[in-house]
Amino acid sequence: MDSSFLLVALILVGLVGYMAYAKFRRDQRTFDSLYKPTDGDLFTDEGDLETSGSISFTGKSDFITQRFRMRAGKYKLIYRFPTDINVKVELSSADESDHEIIGIKCGEGEIGFTVRHDDDYFAEIEPEIDCDWEIEIIRLGLPSSSG
């Protein structure tokens with residue numbers, strides 16, 4: 001009876017371990033499909049703020065987003081950072097000819113900023129130390145009001 005209990009326990013531990021491993025791999029594939037490196041060549045409407053209206057990112061350390069399309073106009077950055085750790089958010093054009101530090105902030109809040117040229121952009125998020133952070137970029141106004 002003791003050996004059958006041990007065998008069942010061993011099978012259950014193996015099954016739970018396999019399920020955890022499969023979930024980890026599935027989550028990694030999902031993450032990889034959402035957060036492409038900035039030197040990727042694939043552009044879709046999902047990365048176009050004109051189409052989607054907003055784009056958001058979360059992380060736990062320094063991060064460079066995939067490229068996303070931004071039209072000239074006004075935007076709002078909504079951020080959720082730890083209250084005691086400064087996090088820098090910098091926006092750069094794909095060719096890095098245009099870049100701006102949107103803010104170095106802690107806590108939660110909003111920052112308005114303006115994009116002067118239609119282009120593909122990426123954001124660099126750099127916390128002072130590794131911590132959970134979240135940002136969302138929202139286009140303000142109607143698409144026809146760019147300028």
Side-chain angles (χ1 to χ4, degrees), residues 8-147:
V8 169
L10 187 59
I11 290 171
L12 286 175
V13 167
L15 184 60
V16 169
Y18 175 76
M19 289 171 39
Y21 174 75
K23 180 172 179 4
F24 170 78
R25 297 291 296 158
R26 189 171 53 250
D27 289 348
Q28 187 65 44
R29 283 191 304 272
T30 301
F31 178 85
D32 291 343
S33 71
L34 292 174
Y35 299 102
K36 295 174 179 53
T38 59
D39 59 350
D41 293 327
L42 180 62
F43 298 105
T44 64
D45 284 345
E46 291 177 4
D48 187 342
L49 284 170
E50 194 74 19
T51 303
S52 64
S54 72
I55 193 166
S56 61
F57 304 96
T58 61
K60 297 180 182 273
S61 61
D62 290 359
F63 186 74
I64 299 175
T65 68
Q66 84 267 13
R67 295 176 188 176
F68 49 91
R69 182 59 129 174
M70 294 182 81
R71 308 279 184 217
K74 295 182 180 191
Y75 292 84
K76 173 173 55 174
L77 172 77
I78 300 172
Y79 59 89
R80 288 169 206 83
F81 303 146
T83 58
D84 56 345
I85 299 172
N86 283 322
V87 180
K88 178 176 86 170
V89 179
E90 184 171 0
L91 185 68
S92 299
S93 60
D95 64 3
E96 298 187 38
S97 63
D98 185 24
H99 61 87
E100 172 185 1
I101 295 176
I102 296 175
I104 301 174
K105 300 288 185 177
C106 60
E108 295 185 14
E110 300 176 354
I111 304 170
F113 65 97
T114 302
V115 171
R116 292 186 263 306
H117 307 286
D118 294 359
D119 204 348
D120 293 318
Y121 287 83
F122 65 93
E124 291 182 68
I125 299 90
E126 298 177 9
E128 289 177 321
I129 59 173
D130 288 354
C131 62
D132 290 330
W133 55 262
E134 182 178 339
I135 66 167
E136 182 176 10
I137 299 172
I138 300 173
R139 179 164 173 83
L140 300 176
L142 298 173
S144 62
S145 67
S146 62

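Two residues are said to be in side-chain contact when any heavy atoms from C-beta on lie closer than 4.5 Å; Ile137 and Phe68 meet this criterion. Val87 is not listed as a side-chain neighbour of Ile135, based on a closest heavy-atom distance of 4.5 Å or more. Taking 4.5 Å as the limit, every side-chain heavy atom of Asp120 sits out of range of all side-chain heavy atoms of Ser93. A 4.5 Å side-chain heavy-atom check between Cys106 and Asn86 finds at least one atom pair inside the cut-off.
Taken to the nearest 0.5 Å, the CG atom of Asp62 stands 11.5 Å off from the CD1 atom of Ile129. Atom-to-atom distance recorded for Tyr121:OH and Arg71:CZ is 11.0 Å, nearest 0.5 angstrom. The line from CD1 of Ile125 to CG of Leu91 is 9.5 Å long, rounded to the nearest 0.5 Å. In this structure, CD1 in Ile138 is found 9.0 Å from CG in Leu77, a value given to the nearest 0.5 Å.
Of all non-hydrogen atoms in Phe57 and Gln66, the two that sit nearest each other are CE2-OE1, 3.3 Å. The two atoms that bring Arg139 and Gly73 nearest to each other are NH1-CA, 3.8 Å, heavy atoms only.
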Might you work through the side chain to side chain contact (heavy atoms under 4.5 Å, CB included) test for Asp119 and Arg69, ending with a clear yes or no? CA-CA 6 Å; Asp119 204 348; Arg69 182 59 129 174; 4.2 Å; yes
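Judged as a salt bridge (charged side-chain N to carboxylate O under 4.0 Å, His left out), the pairs with a partner in residues 127-137 (not counting sequence neighbours) are, in order, Lys60-Asp132, Arg80-Glu134.
Trp133 places a side-chain N or O within donor-acceptor distance of the main-chain N or O of Ser61, the cut-off being under 3.5 Å.
Just one residue in the list Phe81, Tyr79, Phe113 forms a side chain to side chain contact (heavy atoms under 4.5 Å, CB included) with Val89, and that residue is Phe81.
Judged as a side-chain contact (heavy atoms from CB on, under 4.5 Å), and not counting sequence neighbours, the contacts of Lys88 are Glu90, Ile101, Ile104, Glu126.
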